[in-house]
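Before any comments, here is the structure.
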Amino acid sequence: MRKIVFDIETKNIFQDVGSRNPEDLDISVVGLYDFETNKYQTFLQEEFEAMWEIFKKTDLMITFNGEYFDIPLLNKYYRKAGLGDLKQIRSLDIFKEIKQTSGRWLKLDKIAMGTFGINKSGDGFDAVKWWNEGKVEEIKKYCLDDVKITKDVYEFAMKNKKLIFKEGPFTKEIKLDTKHWEPVPEVKTQSLF
């Protein structure tokens, strides 16, 4: 099973486009980790053709808030390239899993701080500002930092069946049922006849 973790940074924000629809935004950078190759990569829009080759072979897309934001936005470009619908690929949105389990809308930064004791290196507003300033390398680094944190959160949750977050001076746990996070491979049996 080929799994990837990805995150998107944009050239603009919702206020710029007068909409809350992610598809109305424009992508600056996509950051991606491929479990099969053990590689982190970034892609600018002109490099998407190479990135699509990875997505076409993917069995599971792992994101943080990807169901609402990253997948619909990237799908706009995927459909435009005539490649179909990314929503047909199985996805795991860790943000959604946390929300369904705990009822909380927790940011990746709170999970990173509680689980690993680290903060994110910026936020989406910084990435838009950097795009406008031509600081593409900073956007790439920030995007890959988020991909790494998301990958680490995924692996921690799979191993420990929980995540930890900070709330003020307190540390709290969210128990997670991860058995449905990855598809169970089909076992092929041979006929005796």
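Annotation: Glu49, atom CD; neighbour count of heavy atoms from other residues, nucleotides and ligands within 6.0 Å does not exceed 12. No more than 12 heavy atoms of other residues, nucleotides or ligands sit less than 6.0 Å from atom NZ of Lys141. Taking a 6.0 Å sphere around NZ of Lys107, one finds it holds 12 or fewer heavy atoms contributed by other residues, nucleotides or ligands. Within a 6.0 Å radius of NZ in Lys120, other residues, nucleotides and ligands contribute more than 12 heavy atoms. Summarising the local packing, CD of Glu133 is surrounded by more than 12 heavy atoms from other residues, nucleotides or ligands at distances under 6.0 Å.
In this structure, Tyr68 has its ring center at least 6.0 angstrom away from the ring center of Phe95.
Using a distance-only test at 3.5 Å, with no hydrogens or angles considered, no donor-acceptor pair links the side chain of Asn132 to the main chain of Lys129. In this structure, Asn160 contributes its side chain and Phe156 its backbone to a donor-acceptor pair below 3.5 Å. Put simply, the side chain of Asn12 gets close to the backbone of Asp26: a donor and an acceptor are under 3.5 Å apart.
By the 4.0 Å N-to-carboxylate-O rule, Glu167 lies close enough to Lys172 to be salt-bridged with it. Between Lys148 and Asp146 no salt bridge is recorded (no basic side-chain N to carboxylate O distance below 4.0 Å). Salt-bridge formation is not detected for the pair Lys87/Glu67: no Lys NZ or Arg NE/NH1/NH2 atom is positioned less than 4.0 Å from an Asp or Glu carboxylate oxygen. The existence of a salt bridge linking Lys159 and Glu155 is excluded, since no basic side-chain nitrogen approaches an acidic carboxylate oxygen closer than 4.0 Å.
Residues forming a side chain to side chain donor-acceptor pair (under 3.5 Å) with Lys162 (at least two apart in sequence, or on another chain): Glu173.
Taking the centre and axis of the six-membered ring of Phe35, the NZ or CZ atom of Lys3 falls inside the cone set by 45° and 6.0 Å.
Minimum heavy-atom separation, Ile149 to Phe116: O-CE1, 4.5 Å.
At least one side-chain heavy atom of Arg2 sits under 4.5 Å from a side-chain heavy atom of Ile54.
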Stepwise, does the side-chain hydrogen bond (donor to acceptor under 3.5 Å, both in side chains) test hold for Ser28 with Lys11? CA-CA 5 Å; Ser28 61; Lys11 298 176 183 178; over 6 Å; no
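In the hydrophobic clustering of ILVMFWY residues, with side-chain heavy atoms under 4.5 Å counting as a link, Ile62 and Val30 come out apart. Following chains of ILVMFWY side-chain contacts shorter than 4.5 Å, one cannot reach Val5 starting from Met51, and the two form parts of different hydrophobic clusters.
Glu97 and Trp181 form a side-chain donor-acceptor contact under 3.5 Å, judged by distance and modelled atom types alone.
Using the six-membered ring where Trp is involved, Tyr33 and Tyr40 have ring planes that are tilted, between 30° and 60° apart.
Interatomic distance, Asp70 CG to Ile8 CD1, rounded to the nearest 0.5 Å: 4.5 Å.
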